[in-house]
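Everything on this sheet refers to the single structure shown next.
Naming: A, B, ... by sequence-line order, numbering from 1 per chain.
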There are 2 protein chains.
Amino acid sequence: MRTKEGNKDKDILEAAVKVFAEYGYHKSKISKIAEVANVATGSVYVYFKNKEDILLRIFEELWEKLFHEYRKIARGKELQPANKFDKMIDMIFDLFTENPALAMVFVNEQNHLMLTNEDQFTKNYDKFLDEGIFVIKEGISDGTFSKDLDLAIFRHYIFGAIRNLLHNWAKEPRNFTLNNIRQNIKYLTMNGIKN
Amino acid sequence: MRTKEGNKDKDILEAAVKVFAEYGYHKSKISKIAEVANVATGSVYVYFKNKEDILLRIFEELWEKLFHEYRKIARGKELQPANKFDKMIDMIFDLFTENPALAMVFVNEQNHLMLTNEDQFTKNYDKFLDEGIFVIKEGISDGTFSKDLDLAIFRHYIFGAIRNLLHNWAKEPRNFTLNNIRQNIKYLTMNGIKN
DNA sequence: TTTATTTTTGAATCATTATTCAATTATGGT
DNA sequence: ACCATAATTGAATAATGATTCAAAAATAAA
């Protein structure tokens, strides 16, 4: 028999991230992804059910990673709520610093996935945000954060802000430094704009 | 000769907003838009160059409206910066209360337009945000807002937060009231989450 | 009414690409 | 070396849906 030549599924996934980031999901051709991955077009279908499935797996891996990191931070005993919150922001920025193309796909292709796989997507999104909210609740209990917060709203507020900033950064990295964005998000979220 | 039967271009535009909102741009068929607009498929091409052009016009009209309203608020002499800011938030929420489907298209199809028409899109987006930033600068001058704000970052922060909340509201209106979202955005942006 | 002109129509065409699959190639065991 | 099996290939197929266009319908003017 014959053995596999390497990690084609990983190659394809990584190629897809690059291609989706550059062209967007709909303008990305399977043949292009195959080319970038250095495999034949047909091979893509050995490892993935279809084009959709590729995007799905990219998001699944990403959510998986984000969720576990967040859970670890949220459930830790050492840090104060405010520091946990800080660390959560850091974590997401570190991840995207390492892989800007992934950031691009993450912020841009959400919508497509929601239309085709809303349930699955929402489930992961909620699980992820819940860990953040866990920390906020802790902070409300101990007086760090305002008890008037509407958590159902705040979760989308902060996520939207981060997502949009990452998007604009990925699009035009020279306009901002990720580090600067990260610090500003922390400050704005904590203190707002008033003097 | 023959006269036009009505405002087919307006009908098509309105139908497209509905259809795009429900299915997303890529899954929206011209034939479906035509059906909803009560015109023949071919008629769409009398009024619009192609599918892309329809989306483009939806956004152009919207930006036009948003920009003029924002400019009026920003350049007014009566209100204080903080009140202008309030009014700007109100304006956007009022607009989307009137037309939730438009909100959906606005928040979801940005990305597609950016890939195909980035320059035009960015120009409108920037013009719009600049009016908001004008007010923030005013407020920094008179001491209402913190002079440490990084405006290049804040503009994307607030826009992203609003966009994501509108998206989630449009997707599941019964989870939130728009009025509640609006108040929370004002509060969070002004004061942050700290106690 | 008839005619000239413009609008409207929707089935046929065309283009694009996702997907399939028969052929080919590589590997490990015998 | 040869065989059996699995992996890989990429050209052919199929499906979708945007776009076109020749025909039909409606209107206003003559």
Side-chain angles (χ1 to χ4, degrees), chain A residues 1-60 105 108-109 111-117, chain B residues 1-60 105 108-109 111-117:
Chain A
M1 68 146 189
R2 184 183 181 181
T3 49
K4 290 187 182 178
E5 286 174 9
N7 280 14
K8 288 208 194 306
D9 53 349
K10 193 161 152 286
D11 293 346
I12 293 166
L13 235 28
E14 282 172 9
V17 168
K18 282 186 209 162
V19 175
F20 288 160
E22 179 167 358
Y23 303 100
Y25 179 78
H26 289 283
K27 294 210 175 152
S28 296
K29 304 179 203 168
I30 295 289
S31 57
K32 179 71 181 176
I33 293 172
E35 183 198 316
V36 172
N38 268 312
V39 300
T41 303
S43 295
V44 174
Y45 287 86
V46 174
Y47 294 92
F48 299 90
K49 195 156 96 282
N50 51 36
K51 189 178 173 183
E52 180 88 17
D53 187 40
I54 302 175
L55 187 62
L56 208 54
R57 287 229 220 148
I58 291 172
F59 269 82
E60 261 174 18
V105 175
N108 286 333
E109 308 305 341
N111 179 43
H112 174 77
L113 229 47
M114 292 252 300
L115 287 165
T116 54
N117 264 298
Chain B
M1 66 145 193
R2 185 184 180 180
T3 49
K4 291 188 182 177
E5 285 174 9
N7 279 16
K8 287 208 193 305
D9 53 350
K10 194 161 150 285
D11 293 346
I12 292 166
L13 236 26
E14 282 171 10
V17 168
K18 282 186 210 163
V19 175
F20 288 160
E22 180 168 359
Y23 302 101
Y25 178 78
H26 289 283
K27 295 212 173 150
S28 296
K29 304 179 203 168
I30 295 290
S31 57
K32 180 70 182 175
I33 293 172
E35 183 199 316
V36 172
N38 268 312
V39 300
T41 303
S43 295
V44 173
Y45 288 85
V46 173
Y47 294 92
F48 299 91
K49 194 156 95 279
N50 50 35
K51 189 177 173 183
E52 180 88 17
D53 187 39
I54 301 174
L55 187 61
L56 209 54
R57 288 227 220 150
I58 291 172
F59 269 82
E60 261 174 18
V105 175
N108 286 333
E109 307 307 340
N111 179 43
H112 174 77
L113 229 47
M114 292 251 302
L115 288 165
T116 54
N117 265 298

Original post:
Roughly how many Å is it from NZ in B:Lys32 to P in D:dA18, rounded to a whole number?
Top reply: 13 Å
**OP:** May I have the distance from B:Asn38 (atom CG) to C:dT8 (atom P), rounded to whole angstrom?
**Re:** 13 Å
**OP:** Looking only at side-chain atoms of B:Lys29, point me to the closest of C:dT17, C:dT19, D:dG17.
**Re:** D:dG17
**OP:** Please lay out, stage by stage, how B:Phe48 and B:Leu13 fare under the test side-chain contact (heavy atoms from CB on, under 4.5 Å).
**Re:** CA-CA 10 Å; B:Phe48 299 91; B:Leu13 236 26; 3.5 Å; yes
Subject >> Whole-Å distance separating the OH atom of A:Tyr23 from the P atom of C:dT16 >> reply: 16 Å
**OP:** Pick base, sugar-phosphate or nothing for A:Val44, based on heavy-atom distances below 4.0 Å to the nucleic acid.
**Re:** nothing
Original post:
What is the distance from NZ of A:Lys49 to C1' of C:dT20, rounded to the nearest Å?
Top reply: 16 Å
Subject >> From OG (A:Ser43) to CG (A:Asn38), nearest 0.5 Å >> reply: 11.0 Å
Subject >> Nucleotide of C:dT9, D:dG10, D:dT19 approaching B:Ser43 most closely (side-chain heavy atoms) >> reply: C:dT9
Subject >> 5' precedence on DNA chain C between A:Lys27 and B:Thr41 (nearest-nucleotide basis) >> reply: B:Thr41
Subject >> Distance in angstrom units between A:Phe48 CZ and D:dT8 C1', rounded >> reply: 16 Å
Original post:
Of the nucleotides C:dT9, C:dA18, D:dA18, which has the atom closest to the A:Tyr45 side chain?
Top reply: C:dA18
Subject >> Atom pair distance, as rounded to whole Å: NZ in A:Lys8 and P in D:dA7 >> reply: 11 Å
Subject >> Whole angstrom value for the distance that separates C1' of C:dT7 from CD1 of B:Ile12 >> reply: 12 Å
**OP:** Return the value, rounded to whole Å, for the distance between atom CD of B:Glu52 and atom P of D:dG17.
**Re:** 17 Å
Original post:
Near B:Lys51 NZ, under 6.0 Å, is it more than 12 heavy atoms from other residues, nucleotides or ligands?
Top reply: yes
Subject >> Sugar-phosphate, base or nothing in reach of B:Tyr47, heavy atoms under 4.0 Å >> reply: sugar-phosphate
Subject >> Verdict with reasoning, B:Ile54 to B:Phe20, per side-chain contact (heavy atoms from CB on, under 4.5 Å) >> reply: CA-CA 10 Å; B:Ile54 301 174; B:Phe20 288 160; 4.2 Å; yes
Original post:
Nearest to the side chain of A:Lys51, which nucleotide is it out of C:dT9, D:dT8, C:dA18?
Top reply: C:dA18
Subject >> Where at least one partner belongs to residues 26-37 of chain A, residue pairs that pass side-chain hydrogen bond (donor to acceptor under 3.5 Å, both in side chains), sequence neighbours excluded >> reply: A:His26-A:His112
Original post:
Of the nucleotides D:dT8, D:dA18, C:dT9, which has the atom closest to the B:Ile30 side chain?
Top reply: D:dA18
